[in-house]
Protein chains: 2
Amino acid sequence: MPASFGRYVRRRREALRQQDSAYSVRQLAQRIGVEPSYLSKVERDEEAPPSEEKIVRLAGELGEDPDVLLAMAGKVSSDLKRIILARPELFSTLIRQLKDLPDRAVSRVVREVRDGKW
Amino acid sequence: MPASFGRYVRRRREALRQQDSAYSVRQLAQRIGVEPSYLSKVERDEEAPPSEEKIVRLAGELGEDPDVLLAMAGKVSSDLKRIILARPELFSTLIRQLKDLPDRAVSRVVREVRDGKW
DNA sequence: TGGAGTGTGTAGTATACACTACACAGCATG
DNA sequence: CATGCTGTGTAGTGTATACTACACACTCCA
């Protein structure tokens with residue numbers, strides 16, 4: 001099973017808290033715009049992960065990649081969705097083709113596209 | 001604006017209905033597993049599109065690409081989601097890179113990956 | 001002319017999502 | 001010893017999702 005969202009957030013927050021008292025549940029909750037008790041429950045996986053917007057803000061505060069944090073919450077960023085929805089046949093085919101390729105191969109595609117004259 | 005989900009389904013169903021009386025609201029609804037009145041409202045865009053499962057069955061009945069029909073409903077197939085969620089950094093980067101490339105270029109990537117020795 | 005099939009209107013429901021509001025106990029420190 | 005901060009428990013809320021159940025009017029045709 002993948003590391004749970006809440007557990008992961010709690011670890012990150014507590015790590016930052018060592019250096020910076022601004023990372024209490026209360027203060028962090030305030031900065032991302034939720035109630036402390038809610039964040040507390042989320043961190044203990046007693047509540048489901050919050051909305052995309054809050055997760056993105058959380059990622060910002062924790063210095064994490066929003067896409068990765070969203071993934072831990074089982075969500076795909078809505079901007080990625082929009083890209084796929086704009087050309088569903090193309091992207092569906094491509095993504096399914098890449099499904100079983102190793103990371104190295106996918107990375108290579110990423111690089112080729114970035115550098116390339118496609 | 002994109003063709004609405006309901007309108008599109010209705011057109012498809014009515015087209016098939018010309019040749020085959022099995023494409024009444026009632027019969028089609030039964031085959032996909034919903035109430036006729038619900039399908040009727042969906043087709044008139046009075047109700048939001050149904051769940052992924054029903055849309056996939058609908059696509060099957062109408063001879064449409066499930067991914068395309070799902071896209072019209074603003075949904076990304078859950079199996080695609082799972083693929084992305086398994087490797088969020090990689091797929092997020094790739095998809096964003098492909099965002100502004102023309103269809104031709106994306107198709108080319110699709111072909112290269114299909115044929116290629118990646 | 002009545003029985004089957006057509007689409008549709010009204011009303012209601014169960015579940016999930018994404019939270020808030022408030023209270024409370026424990027610790028620390030000035 | 002009280003003030004302030006820590007995390008957390010309980011209860012409730014508004015909105016969306018994804019439908020069902022039933023009834024009604026109309027048309028076709030045997």
Side-chain angles (χ1 to χ4, degrees), chain A residues 4-59 61-62 66 69-70 72-78 81 85, chain B residues 4-59 61-62 66 69-78 81:
Chain A
S4 83
F5 179 84
R7 198 189 305 277
Y8 184 82
V9 168
R10 169 138 298 190
R11 290 185 91 83
R12 274 299 286 165
R13 184 180 61 78
E14 281 176 346
L16 293 166
R17 181 118 172 70
Q18 301 300 317
Q19 310 301 324
D20 188 343
S21 69
Y23 286 89
S24 68
V25 169
R26 261 167 230 272
Q27 291 199 47
L28 181 56
Q30 166 137 45
R31 288 203 299 283
I32 69 171
V34 298
E35 289 291 311
S37 63
Y38 178 57
L39 177 57
S40 171
K41 278 188 294 189
V42 168
E43 284 191 352
R44 285 170 294 123
D45 297 304
E46 206 189 293
E47 279 280 347
S51 64
E52 175 174 347
E53 186 213 335
K54 311 294 183 185
I55 292 175
V56 170
R57 293 170 73 158
L58 201 46
E61 290 293 334
L62 299 179
L69 209 56
L70 283 168
M72 285 186 195
K75 296 178 201 271
V76 172
S77 161
S78 57
K81 263 189 220 170
L85 294 179
Chain B
S4 83
F5 180 85
R7 200 188 305 276
Y8 184 82
V9 168
R10 170 139 296 190
R11 290 185 91 84
R12 275 300 285 165
R13 185 181 59 78
E14 282 177 346
L16 292 166
R17 181 116 171 68
Q18 302 299 319
Q19 311 301 323
D20 188 342
S21 70
Y23 286 90
S24 68
V25 168
R26 260 166 231 273
Q27 291 199 48
L28 182 55
Q30 165 136 45
R31 288 202 299 281
I32 70 171
V34 297
E35 289 290 312
S37 64
Y38 178 56
L39 177 57
S40 171
K41 277 189 295 189
V42 168
E43 285 191 352
R44 284 170 294 122
D45 297 305
E46 206 188 295
E47 278 281 347
S51 65
E52 175 174 347
E53 186 214 335
K54 311 294 183 185
I55 292 175
V56 170
R57 294 170 73 161
L58 202 45
E61 290 293 334
L62 299 178
L69 209 56
L70 282 169
M72 286 188 195
K75 295 178 201 272
V76 172
S77 160
S78 57
K81 264 190 219 169

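Here is how names work: the chains are called A, B, and so on, in the same order as the sequence lines, proteins then strands, and each is numbered from 1. Bear in mind that the values here come from a model prediction, so they are computed numbers and not experimental data.
Among the atoms of the strands shown, base atoms are found under 4.0 Å from some heavy atom of B:Arg26. Within 4.0 Å of B:Ser37, counting heavy atoms only, lies at least one base atom of the nucleic acid.
Summarising the geometry, the separation between CD on B:Glu35 and C1' on D:dA23 is reported as 12 Å, rounded to the nearest angstrom. When the P atom of D:dA18 is taken as reference, atom CZ of B:Arg57 falls 15 Å away, rounded to whole Å. Between the OH atom of A:Tyr23 and the C1' atom of D:dC5 there is a distance of 19 Å, rounded to whole Å. Going from atom CD of A:Glu53 over to atom P of C:dA18 covers 11 Å, rounded to whole Å. Distance CG (A:Asp20) to P (D:dT6): 12 Å, rounded to an integer number of Å. The CD atom of B:Glu46 sits 17 Å away from the P atom of D:dA18 (whole-angstrom rounding). Between the NZ atom of B:Lys54 and the P atom of D:dA18 there is a distance of 11 Å, given to the nearest Å. For A:Tyr38 and D:dG7, the OH to P distance is 18 Å, given to the nearest whole Å.
For the pair A:Arg31 and A:Tyr23, the cation-pi test (distance below 6.0 Å, angle within 45°) is passed.
On a pure distance criterion of 3.5 Å, a polar donor-acceptor pair joins the side chain of A:Glu47 and the base of C:dC19.
Nearest to the side chain of A:Ser51, among C:dT6, C:dC19, D:dT8, sits C:dC19. Among the nucleotides D:dC19, C:dT8, D:dT8, the one closest to any side-chain atom of A:Arg44 is D:dT8. The nucleotide whose nearest atom lies closest to any side-chain atom of B:Lys75 is, among C:dG7, D:dC19, D:dA18, D:dA18.
In this model, the phosphate group of C:dG7 is approached by a side-chain N or O of B:Arg13 to a distance below 4.0 Å at OP1 or OP2.
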